[in-house]
Amino acid sequence: MIKFSSADIKKSKLETLVIPVCEDKNIHANRTVAALARKALAVKEFQGKAKDELTLYSPARVKCERVLFLGLGKAEAIKAETLRACMGRAIKTCIGRELTQVAVAVPTAKRMQLDEGAALEALIEGGCLANHMFSKYKSEEKQKTLKAIVFLGAPGSAAGNRKAAARIENTCAAVTQAREWVSTPANDKRPDAFARQITRAARAKGLTCRVMDEKALKREKFGAMLAVGQGSQVKPRLVVLEYRPKGVKKTVALVGKGVTFDTGGINLKSSGGLECMKMDMAGAAAVAGALLAVADLKPKVGVIGVLPLVENMPSGSATRPGDIVRSYAGKTVEIGNTDAEGRLILIDAMAWAVKKYKPTAMVDLATLTGACVIALGEKIAAVFSSDNDLAEAILAAADKTHERCWRLPLPDDYKELLKSDLADISNMSSGRWGGAITAALFLSEFVGDTRWAHIDIAGAAYTKKDGPYCRAGGTGFGVRLLCDLLTDPRII
Ligand code: BES
Ligand code: ZN
Ligand code: ZN
C-alpha cells in the first residue's frame with residue numbers, strides 16, 4: 001500500500017496530490033510544491049490554519065487532476081500526532097470522493113523541528129491506520145479503501161524508507177486486526193470462535209499457539225476464570241501465544257482481558273450502552289495484535305501472550321453474588337459482584353503465566369473499570385505499577401505512539417477495601433470511590449514479586465465517534481504502545 005517516488009511532479013501524472021501547508025512558514029524543499037502552497041495561501045478561504053482545507057483542480061505547472069492542501073497550523077506547534085492526523089484527513093477525503101490512490105508531498109522534517117525518521121513514521125502510520133474500514137457486515141460495500149499511498153520526495157535512502165515502511169505497515173496491520181476483533185459482534189467471537197480466529201492469525205505468522213479448553217482449565221484449577229464463564233453455553237478458553245527467539249534470556253508476559261461479552265452476569269448491567277460490551281475483549285485483542293506484529297518486528301526479548309477468553313452471562317448455571325471460589329494461585333475469592341469479572345479472569349491468567357514462564361516483566365491490558373473512564377475520559381488509559389522503571393517505560397511508549405496513558409497510584413492502605421469476611425479477598429470494593437485503583441490493587445495480590453504493570457483501557461479501546469485516523473468502533477489501542485515498549489532497554 002505504501003510506496004515511495006522521487007518522480008518530478010511537473011512531469012508525472014497524478015490523480016490526487018496532497019500538500020500539507022503551514023500558516024507561517026514554508027515546510028517544503030521542493031520548489032514546485034512550495035510554489036503551489038503559496039498559490040493556495042493566496043486564496044482567501046485557505047490560510048494554512050489547523051483545520052483549513054482547499055482543493056485546486058488541474059493547477060498550472062503540474063499534471064495533477066487535483067491538489068488537496070491541508071492546513072497544519074503553526075510550524076513550531078507541529079508534532080508527530082499532527083502529521084498522523086493530517087494523513088488521516090487526506091485519506092478520509094480521498095475515500096469520501098471515491099478516489100483510488102493518493103500522492104503526498106513529504107514536508108521537510110527539519111523545517112518543522114522534527115526528527116526525520118519520526119516524521120516519516122508518523123505520516124506512514126497515519127496513512128495506514130486511516131485507510132482501514134470495518135465493512136465486513138455491509139452487503140454492499142459503499143466506500144473503498146485506497147489501493148496506494150505514494151510518498152513523494154521522502155528524504156533518506158529509498159531502501160531505508162522501504163524498510164521502515166514495511167515495519168510500520170506490519171504494525172498497522174496488527175492494529176487493524178485488533179480493531180476488527182473488537183468491532184466484531186459478540187455472536188461471532190464467542191470464546192471458542194475467538195480462540196480459533198486468534199490462533200489462525202498467529203500460526204500464519206509462525207507463532208507457537210496453545211489453547212486450553214474447559215477440561216484443561218478444570219484440571220489446572222483455574223477456579224476464578226471458570227466461575228466467570230460458567231453461565232455461558234460456550235465455556236472459557238485460555239489462548240497462549242509464544243514468540244521465543246533462540247539465545248534470548250528475558251521474557252515479557254503480556255496478558256489481555258478477553259471477555260467476549262460482558263452482560264454483568266447475575267449483577268446484570270442496565271441496557272444503556274450494553275451493546276458496546278462486545279468490546280470487553282479489547283485487552284486480549286491488543287495483546288494478540290502485539291504478538292502478530294512482534295513475529296515480524298523480532299525484538300530481542302521473548303514475548304508470551306496470555307489471553308483468558310470468557311463470556312459473562314446470566315443463567316441458571318451462572319455464578320451468584322456471594323459465591324466463593326478458589327483461584328489458580330490458591331487464594332479464595334468472594335465474588336461480591338459478578339460484573340467485576342475482568343479481575344477474576346486476569347488473576348488466574350497472570351498467576352499461571354508467572355508460574356509457567358517466570359517472566360522478567362508482565363503487563364496486562366484490560367477494559368477493567370468504568371471508574372477509569374470517569375477519571376481519565378475516553379482517550380486516555382490508566383497505568384498502575386509499583387515498578388517506576390516499568391511505569392516510565394510505558395509512559396514513554398505512550399508519548400511516542402500517542403496512545404496516551406496517565407499513571408495512577410497503588411496505595412497500600414486502600415487494600416482494606418477488598419477485605420472479605422469469609423474469603424481471603426473480595427473482588428468488590430466495600431467503598432464507592434477509586435474503583436480503578438481498587439481493581440488494580442486486587443490484581444496486584446496475584447502477581448507475586450514479578451515486575452508488573454496494569455493498563456486499564458476501558459475508555460480508549462472503543463469509540464463511538466470517528467477520530468482523526470480511526471473510525472468508530474475498536475481503536476486497536478495498545479498494539480503500537482506494546483510494540484514500542486518491547487524495544488525499551490528498561491524492560492529488555
Ligand atoms: N467491562 C466493565 C468495565 C467497563 C466499563 C469497560 C465501561 C468499558 C466501559 C467491567 O467488567 C465492569 O463491569 N466493571 C465494574 C466493576 C464494579 C462492579 C466493581 C464497573 O466498572 O462498574
Ligand atoms: Zn463487568
Ligand atoms: Zn468487563
Side-chain angles (χ1 to χ4, degrees), residues 182-183 186 189 191 194 224-225 227-229 231-232 236 255-286 307-314 318-323 333-349 364-382 384 408 414 417-420 425-443 454-465 472-475 477-478:
V182 175
S183 297
K189 60 176 179 196
F194 190 29
M225 179 173 164
V228 176
S232 169
V255 184
K257 172 176 171 182
V259 177
T260 63
F261 194 78
D262 183 12
T263 63
I266 298 296
N267 292 101
L268 194 61
K269 286 181 184 293
S270 58
S271 58
L274 192 54
E275 73 285 355
C276 292
M277 280 303 139
K278 67 173 184 181
M279 58 73 102
D280 213 18
M281 36 53 76
L307 316 170
L309 311 181
V310 301
E311 188 178 46
N312 188 20
M313 298 292 263
T319 292
R320 294 148 292 258
D323 281 4
V333 183
E334 179 179 354
I335 301 181
N337 191 313
T338 61
D339 197 10
E341 82 299 338
R343 62 196 80 180
L344 294 171
I345 68 171
L346 286 170
I347 57 168
D348 278 4
D364 78 82
L365 269 78
T367 48
L368 205 62
T369 65
C372 174
V373 194
I374 291 172
L376 299 176
E378 293 183 311
K379 294 182 181 177
I380 303 175
F384 299 86
L408 293 179
Y414 282 27
L417 295 165
L418 296 168
K419 277 194 179 140
S420 158
I425 194 167
S426 167
N427 78 331
M428 179 71 190
S429 168
S430 57
R432 180 168 172 196
W433 311 112
I437 295 175
T438 45
L441 283 169
F442 179 85
L443 299 179
H454 157 61
I455 310 181
D456 193 332
I457 59 169
Y462 193 81
T463 174
K464 282 185 169 175
K465 279 194 241 141
T475 60
F477 186 101

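We count ligands from 1, going down the list as the structure has it; atoms in each ligand are counted the same way. Since the structure is predicted, the reported quantities are computational estimates derived from the model, not experimental observations.
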K.L.:
Specify the closest pair of heavy atoms between N427 and G336, including all atoms of both residues, with the distance to one decimal.
P.N.:
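What the structure gives for the nearest pair is OD1-N, 2.8 Å.
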K.L.:
May I ask you to identify the nearest protein heavy atom to atom 2 (C) of ligand 1, giving residue, atom name and distance to one decimal place in Å?
P.N.:
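In this structure, atom 2 (C) of ligand 1 has D262 OD2, 3.6 Å as its nearest protein heavy atom.
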K.L.:
I want to confirm something. Looking only at heavy atoms, which of M281, K269, M428 is nearest to atom 19 (C) of ligand 1?
P.N.:
M428
K.L.:
To the nearest 0.5 Å, how far apart are CG in L408 and SG in C372?
P.N.:
7.0 Å
K.L.:
So, G342 and the Zn ion (ligand 3): N/O/S under 2.8 Å, yes or no?
P.N.:
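G342 does not place any N, O or S atom closer than 2.8 Å to the Zn ion (ligand 3).
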K.L.:
Around atom 7 (C) of ligand 1, find the nearest protein heavy atom and jot down its residue, atom name and distance.
P.N.:
M277 CE, 3.7 Å
K.L.:
In D262, which N, O or S atom comes closest to the Zn ion (ligand 2)?
P.N.:
OD2
K.L.:
Tell me which N, O or S atom of D280 sits nearest to the Zn ion (ligand 3).
P.N.:
OD2
K.L.:
Against heavy atoms of A458, which atoms of ligand 1 measure under 4.0 Å?
P.N.:
6 (C), 8 (C), 9 (C)
K.L.:
Can D364 and K257 be counted as an ion pair, charged N to O under 4.0 angstrom?
P.N.:
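Answer for the salt bridge query: no.
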K.L.:
Looking at T367, which atoms of ligand 1 are within less than 4.0 Å of one of its heavy atoms?
P.N.:
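Within the 4.0 Å cut-off of T367, ligand 1 contributes 1 (N), 2 (C), 3 (C), 6 (C).
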K.L.:
Please list, in number order, the atoms of ligand 1 under 4.0 Å from a heavy atom of K257.
P.N.:
1 (N), 10 (C), 11 (O)
K.L.:
How long is the straight-line distance from OG1 of T338 back to CG of N267, given to the nearest 0.5 Å?
P.N.:
3.5 Å
K.L.:
Looking at E341, which atoms of ligand 1 are within less than 4.0 Å of one of its heavy atoms?
P.N.:
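It comes down to these atoms of ligand 1: 11 (O).
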K.L.:
Which protein non-hydrogen atom lies closest to atom 12 (C) of ligand 1, naming both residue and atom, and how far is it?
P.N.:
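Among all protein heavy atoms, the one nearest atom 12 (C) of ligand 1 is D339 O, 3.2 Å.
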K.L.:
Ignoring hydrogens, just give me the one of L368, V259, T369 whose non-hydrogen atom is nearest atom 10 (C) of ligand 1.
P.N.:
L368
K.L.:
Exactly one of D280, T260, V259 should register a side-chain contact (heavy atoms from CB on, under 4.5 Å) with V310. Which one does?
P.N.:
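With V310 as partner, side-chain contact (heavy atoms from CB on, under 4.5 Å) holds for just one option, V259.
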K.L.:
Has E275 got more than 12 heavy atoms of other residues, nucleotides or ligands less than 6.0 Å from its CD?
P.N.:
yes
K.L.:
From N312 CG over to T263 OG1, what is the distance, rounded to the nearest 0.5 angstrom?
P.N.:
5.0 Å
K.L.:
Quick test: of every protein heavy atom, which one is nearest to atom 16 (C) of ligand 1, and how far off is it to 0.1 Å?
P.N.:
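Going atom by atom, the protein heavy atom closest to atom 16 (C) of ligand 1 ends up being R343 NH2, 3.8 Å.
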K.L.:
In terms of residue, atom name and distance, what is the protein heavy atom nearest to atom 20 (C) of ligand 1?
P.N.:
G370 N, 3.8 Å
K.L.:
Say you draw a straight line from CG of D456 to CG of L376; how long is it, rounded to the nearest 0.5 Å?
P.N.:
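Between D456 CG and L376 CG, I get 8.5 Å after rounding to 0.5 Å.
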K.L.:
Would you give the length of the straight line joining atom CG of D339 to atom CE of M277, rounded to the nearest 0.5 angstrom?
P.N.:
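Atom-to-atom, D339:CG and M277:CE are 8.0 Å apart.
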K.L.:
Quick check: do D262 and K269 have side-chain heavy atoms less than 4.5 Å from each other?
P.N.:
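Yes, their side chains come closer than 4.5 Å.
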K.L.:
Which of the numbered atoms in ligand 1 are below 4.0 angstrom from a heavy atom of N337?
P.N.:
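It comes down to these atoms of ligand 1: 18 (C).
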K.L.:
Starting from the Zn ion (ligand 3), look over the N/O/S atoms of E341 and name the nearest one.
P.N.:
OE2
